[in-house]
Number of protein chains: 2
Amino acid sequence: MPKSPEDTMPTSGRHEMPFTRIEIVVLSVIEGRLGVLLGRRAQAPYQGRWALPGGVLRIDQDKDLDAAARRVGIERLGVELPYLRQLTAIGGRSRDPRAPWTLSVIYRALVPFEAIDPNPGKRLEALKWVAADEAAADARLAFDHAERIGGALEVTRGEIDRLELPFEFLPQAFTLGELQACCEAMLGRHLDKSSFRRRLDERNLLEAVEGQMRTGAFRPAQLYRRRCP
Amino acid sequence: MPKSPEDTMPTSGRHEMPFTRIEIVVLSVIEGRLGVLLGRRAQAPYQGRWALPGGVLRIDQDKDLDAAARRVGIERLGVELPYLRQLTAIGGRSRDPRAPWTLSVIYRALVPFEAIDPNPGKRLEALKWVAADEAAADARLAFDHAERIGGALEVTRGEIDRLELPFEFLPQAFTLGELQACCEAMLGRHLDKSSFRRRLDERNLLEAVEGQMRTGAFRPAQLYRRRCP
DNA sequence: TCAAAAGTGTTTGGGTTACACCCATGG
DNA sequence: CCATGGGTGTAACCCAAACACTTTTGA
C-alpha cells in the first residue's frame with residue numbers, strides 16, 4: 001500500500017508550520033467582581049489596543065502545552081498561575097498579520113489580583129484589570145480576544161455552578177463566607193447561604209481546620225480547607 | 001518601554017514551530033452501538049498499531065483549523081465529515097518520535113458508517129470500525145489515542161444528554177423512533193420513549209414533514225426534520 | 001446585647017425518570 | 001386482531017432555590 005505523506009517523510013520541515021502562541025485569560029476577583037487582565041500592545045498590529053497576555057510557544061523550552069502556559073505566565077506576568085486550564089485552540093490565516101497563519105492555544109487562569117504588579121519593569125507591558133463581562137463585550141480589544149474572554153467566562157462559571165471550586169486561588173484555609181463571596185463574585189449573582197452550604201457538605205468537599213478561627217468583631221468563623229483526595 | 005520578543009520580530013521563523021497535526025475521532029452508530037474509526041499505521045512509529053486518522057496541518061491550504069479538519073477527512077477517509085467539533089489540543093515533546101515537538105488538535109465527527117469505504121485505494125490506509133468504549137480502554141492503540149477517544153465519548157454523550165442532536169448525521173427526515181434509537185446507541189443505554197419525546201417537543205427541536213410517512217408492516221411513522229433556526 | 005457565624009428546617013419548583021395506559025393504523 | 005407508532009397521565013425522584021428561623025460566640 002502506498003504511503004501517506006506524513007508517514008513517508010514526516011518531519012515538520014516538510015511543510016511550513018503555523019506561528020503558534022499561547023494566550024491566557026487571567027481572571028481575578030476584585031472588589032466583589034470578576035476581572036480580567038489585559039495588556040496594552042506596544043507594537044502593531046493593534047498598537048495601543050488592549051489584548052490578552054500571551055507569548056510564543058517555545059518548543060526548545062516547553063515540555064508540553066501546559067508548561068508553555070506556565071512559562072508565559074511567569075515571563076509576562078511574573079507569577080506562577082494557578083487554576084490553569086486549556087480552553088480551546090483557534091487557528092487561521094488572517095488572525096494575526098505578523099505571520100501567514102497563526103494558531104493560538106487559549107488558557108484560563110485565576111489569580112489573586114494583588115499577585116500581579118501592573119507596572120512591572122523589564123520586558124513586561126502595561127497591564128490593567130478590567131471588569132470581565134465588559135471586556136467580553138468590548139469590540140475594541142485586539143484580535144478576537146473579546147470572544148475568548150467570553151468563552152473563558154462561560155467555562156469558569158460552569159465550573160463554579162458545578163462546585164468545581166478554585167482552591168488554588170483561595171487561601172490555604174478560608175471561611176465559608178469567604179468561599180461563598182468568591183463564588184458569588186465569579187458568577188455575578190447572589191447565592192443562598194444555606195443551599196450553598198448544604199451542597200458543599202453533601203459532596204464532602206471541605207474539612208474543618210481544627211482549632212483555627214479567624215477574628216471578627218463577633219463570633220469567629222470556622223476555617224476550612226479542601227478535603228484531601 | 002522595551003519590547004517583548006514576539007513584538008519586535010515576530011515572524012514564525014524566529015523560533016522553531018511545532019509539528020502540527022489534526023486527529024479526528026470519527027464516530028458512527030453500527031448495529032445499535034457506537035463505533036470509532038481506526039486506521040492501521042503502515043510506518044513507524046507504532047507500526048502496525050491502530051490509530052486515529054489524522055494529518056498534518058497545511059497552512060498553505062487550510063483557511064482555519066475547522067477547514068483543516070474537513071480537508072483531512074476528505075483526504076484520508078474520502079468523505080465530508082459532519083458533526084465536526086474541536087475537542088482539545090495536546091502538545092509536547094515526546095508524543096511523536098517523528099518530530100521534536102508535536103501539537104495535535106483533536107476533532108470529533110459523526111458519520112454514517114456506510115459512507116466510509118474501509119478498503120480504499122490510493123493513499124489511504126486500512127481502516128476498521130471498533131466498538132468505541134472498548135477502543136477508549138485499549139492501551140494498545142498508538143500514541144495517546146485511547147485517551148482521546150475517551151474524551152470524545154464523554155463530550156458526545158454530554159451533547160446527547162442535553163439534546164444537542166446530531167442532525168447532520170441523521171437523514172434529512174427521520175422518525176422519532178429512529179432518532180431515539182440513534183441516541184440510545186450513542187449513550188449506550190435505554191431511553192424512556194415518552195420522556196424522550198416530551199423533552200423533544202418542549203424544546204421545539206423538530207417539525208413534522210407534512211404528508212410524509214414511512215412504511216412498516218404496521219402503522220406508518222411520521223417523519224420529522226430539524227426545526228429550522 | 002449586638003451582629004455576624006453556623007446550622008436547621010420547610011416549602012417550592014424544574015426537570016427527569018419510570019410506568020401504566022390510551023388511541024390510531026395498515027396489513 | 002396485532003404489533004407498532006404516537007400520545008396522555010401521573011407518581012416519584014433529585015436537585016436546588018428561597019425563605020424563615022435558631023443557636024453560638026466574642027467583644
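Numbers restart at 1 for each chain; the letters A, B, ... are given by sequence-line order, proteins then strands. All heavy atoms count here, side chains included; hydrogens, waters and symmetry mates do not.
For Glu178(B) and dG5(D), the CD to P distance is 10 Å, given to the nearest whole Å. Leu176(B) has its CG atom 17 Å from the P atom of dT4(D), to the nearest Å. Atom CD of Gln222(B) is separated from atom P of dT25(C) by 12 Å (rounded to the nearest Å). Gln180(B) places its CD atom 14 Å from the P atom of dT4(D), with the value rounded to the nearest Å. What separates CG of Leu163(A) from P of dA16(D) is a distance of 7 Å, to the nearest Å. What separates CG of Asp201(B) from P of dG9(D) is a distance of 13 Å, to the nearest Å. A straight line from CG of Leu179(A) to C1' of dA5(C) spans 15 Å, rounded to a whole angstrom. Glu184(A) has its CD atom 11 Å from the P atom of dA18(D), to the nearest Å.
Remark: the backbone N or O of Gly188(B) is not paired with any side-chain donor or acceptor of Arg33(B) at under 3.5 angstrom.
A donor N or O paired with an acceptor N or O is found under 3.5 Å between the base of dA5(C) and the side-chain atoms of Arg219(A). Residue side chain Ser195(B) reaches the base of dA18(C) through a donor-acceptor N/O pair under 3.5 Å, judged by distance alone. Side-chain atoms of Lys193(B) and base atoms of dG6(D) include a donor and an acceptor less than 3.5 Å apart.
Comment: Arg71(A) engages Glu75(A) in a salt bridge, judged by a side-chain N to carboxylate O separation of less than 4.0 angstrom. Contact check on Asp161(B) versus Arg189(B) returns a salt bridge, with a Lys/Arg side-chain nitrogen under 4.0 Å from an Asp/Glu carboxylate oxygen.
In the set dA5(C), dG26(C), dA17(D), dA5(C) carries the atom at the smallest distance from any side-chain atom of Ala221(A). Side chain of Glu202(B), nearest nucleotide from dT16(C), dA17(D), dG5(D): dT16(C).
Phosphate contact (OP1/OP2 of dA6(C), side-chain N/O of Arg197(A), threshold under 4.0 Å): present.
When each of Leu27(B), Val26(B), Leu34(B) is tested with Trp129(B) by the rule side chain to side chain contact (heavy atoms under 4.5 Å, CB included), just one qualifies, namely Val26(B).
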Listing time: all N or O pairs from protein to nucleotides 10-15 of chain D that are below 3.5 Å?
residue: dT10(D); atom: O4; partner: Arg198(B); partner atom: NH2; Å: 3.0

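Residue Phe196(B) is out of contact with every strand shown, counting any heavy-atom pair closer than 4.0 Å.
No more than 12 heavy atoms of other residues, nucleotides or ligands lie within 6.0 Å of CD in Glu154(B), so this atom counts as exposed by the packing criterion.
Ranked by how close their nearest DNA chain D nucleotide is to the 5' end, Asp192(B) and Gly177(B) are led by Gly177(B).
Taking the six-membered ring where the residue is Trp, Phe143(B) and Tyr46(B) present tilted rings, their angle falling between 30° and 60°.
The CG atom of Leu65(B) lies 5.0 Å from the CG atom of Leu103(A); values are rounded to the nearest 0.5 Å.
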